[in-house]
Amino acid sequence: QILTVSIDNGSVDARQCDISIIPTAHFVLDNNWKKYPGRLYYGPGYALLNPSFCKRRKRSIHKIPTIFVSCGGSDPQNITLLVLKALDRLDKDFKHMIVLGPAYKFKMQLIGFIKKADKKYLLLEDVCDIKDLMYNSDIAILTFGVTSYEAATTGLPSIILAASKRNEKSLKEFSKYKTCMNAGYA
């Protein structure tokens with residue numbers, strides 16, 4: 001016998017699987033799911049995170065605050081650049097750690113901006129342990145996704161943008177847990 005598992009998929013196809021895991025804060029147990037014959041696990045408690053996030057530690061506090069910026073693995077709308085342009089206009093002094101995902105396609109455009117920017121930005125790629133960066137930051141600016149759950153787990157205060165209408169709904173529900181500030185749809 002073959003056991004089928006669906007992860008992070010609330011579609012009709014997921015209801016054909018033996019097990020469905022829907023790790024989102026906004027999942028609604030509607031009549032279709034109430035009739036689901038398989039095993040269903042849902043809610044933010046089922047977010048799939050690296051086990052290293054289970055080990056808690058004290059947060060670092062910095063004289064000059066560090067802003068952690070991450071807009072997902074691909075950031076197809078280039079929200080990273082929008083965030084950096086906004087940060088560059090701030091009067092306050094901050095350290096900036098910008099984490100680019102593996103499928104980010106606007107690197108040259110971003111580097112062009114950074115070269116002309118008033119502030120300095122530390123650009124990071126191929127990050128193996130994002131948790132350490134989060135513990136060494138004072139605030140995060142993110143787009144909604146797995147990184148939002150990771151930041152919440154580390155206790156990192158976050159300002160989170162929704163990169164899509166679908167994520168806007170998820171972010172609205174996620175922000176009810178008071179782990180972040182909902183900055184709305186980007």
Short side-chain to backbone donor-acceptor contact, [X] and [Y], under 3.5 Å:
| X | Y | value |
| --- | --- | --- |
| Y41 | I19 | no |
| T4 | I2 | no |
| E168 | G184 | no |
| Y121 | K115 | no |
| H96 | K120 | yes |

[atom1]/[X] to [atom2]/[Y] distance, rounded to the nearest 0.5 angstrom?
| X | Y | atom1 | atom2 | answer |
| --- | --- | --- | --- | --- |
| R15 | L40 | CZ | CG | 10.5 Å |
| K105 | L110 | NZ | CG | 16.0 Å |
| D18 | Y36 | CG | OH | 6.5 Å |
| L171 | T143 | CG | OG1 | 10.0 Å |
| I64 | D93 | CD1 | CG | 4.5 Å |
| E150 | N50 | CD | CG | 7.5 Å |

Test side-chain contact (heavy atoms from CB on, under 4.5 Å) applied to L29 and K34, step by step: CA-CA 6 Å; L29 187 64; K34 287 179 183 173; 4.0 Å; yes
Count the heavy atoms belonging to other residues, nucleotides or ligands that lie under 6.0 Å from [atom1] of [X], then report whether that count exceeds 12.
| X | atom1 | result |
| --- | --- | --- |
| D30 | CG | yes |
| K119 | NZ | yes |
| I61 | CD1 | no |

Can you name the nearest heavy-atom pair linking [X] to [Y], along with the distance?
| X | Y | result |
| --- | --- | --- |
| S6 | A14 | OG-CB, 3.3 Å |
| D75 | F106 | O-CE1, 3.4 Å |
| A152 | T179 | CB-CB, 3.7 Å |
| G155 | R59 | O-CD, 3.6 Å |
| S148 | L142 | CA-CD1, 4.0 Å |
| A186 | I79 | CB-CD1, 3.6 Å |

State, yes or no, whether a side-chain contact exists between [X] and [Y] at a heavy-atom distance under 4.5 Å.
| X | Y | answer |
| --- | --- | --- |
| L49 | T153 | yes |
| M97 | I67 | no |
| V99 | L133 | yes |
| K172 | K169 | no |
| I160 | C180 | yes |

Residues which pass side chain to side chain donor-acceptor pair (under 3.5 Å) with S170, listed by chain and number, not counting sequence neighbours: H26
Carboxylate-amine/guanidinium proximity below 4.0 Å for K63 and D138: no
Intermediate values then yes/no, side-chain contact (heavy atoms from CB on, under 4.5 Å), Y46 and I22: CA-CA 7 Å; Y46 292 98; I22 306 171; over 6 Å; no
Steps toward side-chain contact (heavy atoms from CB on, under 4.5 Å) verdict (I139, I159): CA-CA 8 Å; I139 190 164; I159 299 167; 4.0 Å; yes
I'd like to know if [Y] and [X] are part of one continuous hydrophobic network [Ile/Leu/Val/Met/Phe/Trp/Tyr, side-chain heavy atoms within less than 4.5 Å].
| X | Y | value |
| --- | --- | --- |
| M134 | V146 | yes |
| L156 | I130 | yes |
| L122 | L84 | no |
| Y104 | L87 | yes |
| L124 | L100 | no |

Test log, rule salt bridge (Lys or Arg N to Asp or Glu O under 4.0 Å), inputs D88 and K116: CA-CA 10 Å; D88 214 53; K116 297 176 190 170; over 6 Å; no
W33/Y42 aromatic ring centres below 6.0 Å: no
Stepwise side-chain contact (heavy atoms from CB on, under 4.5 Å) check, T154 with K131: CA-CA 7 Å; T154 65; K131 172 188 59 125; 4.3 Å; yes
Ring pair (Phe, Tyr, Trp, His ring centres under 6.0 Å) between F174 and Y149, worked out: CA-CA 9 Å; F174 183 77; Y149 290 89; 4.7 Å; yes
Cation-aromatic face contact K165/Y185, 6.0 Å, 45 degrees: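 Satisfied, under 6.0 Å and within 45°.
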Test salt bridge (Lys or Arg N to Asp or Glu O under 4.0 Å) applied to R56 - qualifying residues, sequence neighbours left out: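 Counting only residues at least two positions away or on another chain, R56 forms no salt bridge (Lys or Arg N to Asp or Glu O under 4.0 Å).
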Partner of L161 under side chain to side chain contact (heavy atoms under 4.5 Å, CB included), chosen from V83, L82, N182, N167: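 The passing option is V83.
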